[in-house]
Each structure stands twice: as structure tokens, then as C-alpha cells.
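Being a predicted model, the structure only gives us computed values, none of them experimental.
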Amino acid sequence: MATVSMADKKAIGELWAQALEKRAPAARAQRLSMTGGDAKSIFCKDWPTAKSVLQALQAVVPQPGPIIIGLVIAAGDAAYQRLCGK
């Protein structure tokens with residue numbers, strides 16, 4: 001089993017912070033409670049951010065992580081195209 005080094009954890013944290021900073025204004029403007037909004041609208045709004053975070057993680061996690069994350073991204077992209085029409 002592979003372990004994640006402190007340097008990898010730091011890199012993941014920095015990439016996560018960057019993704020959140022890019023999203024922060026929109027998140028403040030359209031903050032949804034856990035009970036607000038339906039799953040489709042939440043997914044359509046949040047998938048682009050989630051995808052960028054997954055891509056950042058894909059670059060730093062050990063195998064087989066990148067393969068698994070790639071499958072999640074592919075499934076998310078397919079769902080996004082079908083549900084969100086983009």
C-alpha cells in the first residue's frame with residue numbers, strides 16, 4: 001500500500017485552496033443549504049470545480065489513484081453532458 005508523503009499532502013492542500021479561491025465569489029453569491037436546491041442543479045453548478053480538484057489530485061496521488069480518479073472524471077463528464085446539456 002502506498003503512503004502519501006507530507007510534501008504530497010501539502011501540495012494537495014495548496015491545490016485545493018487554489019480551487020476554492022477560484023470558486024469563492026460564486027459560492028458566496030449562490031450559497032445553497034444542504035436542503036436547498038435539487039441534486040441536478042447542485043451537480044451542474046459544482047461539477048466544473050469538482051473536476052478541477054480531481055484533476056489536481058490526479059497529478060499528485062500514487063498509483064492506482066490516478067486511474068481511479070480518471071474513471072470518476074470520465075463518469076462525471078458523461079453525467080454533466082447528459083444532465084446539464086453542456
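Inspection of the Asp46 and Thr49 side chains reveals no N or O donor paired with an N or O acceptor under 3.5 Å.
Annotation for Leu54 and Ile69: closest pair O-CG2, 3.4 Å, computed over non-hydrogen atoms. For the residue pair Gly76 and Phe43, the shortest heavy atom distance occurs at O-CZ, 3.6 Å.
The backbone N or O of Pro66 lies less than 3.5 Å from a partner atom in the side chain of Gln58, making a donor-acceptor pair.
Residues satisfying the salt bridge (charged side-chain N to carboxylate O under 4.0 Å, His left out) test with Lys51, not counting sequence neighbours, are Asp77.
Atom NZ of Lys40 sits about 7.0 Å away from atom SG of Cys84, to the nearest 0.5 Å.
Linking Ile, Leu, Val, Met, Phe, Trp and Tyr whenever their side-chain heavy atoms come within less than 4.5 Å leaves Ile73 and Ile68 in two separate clusters.
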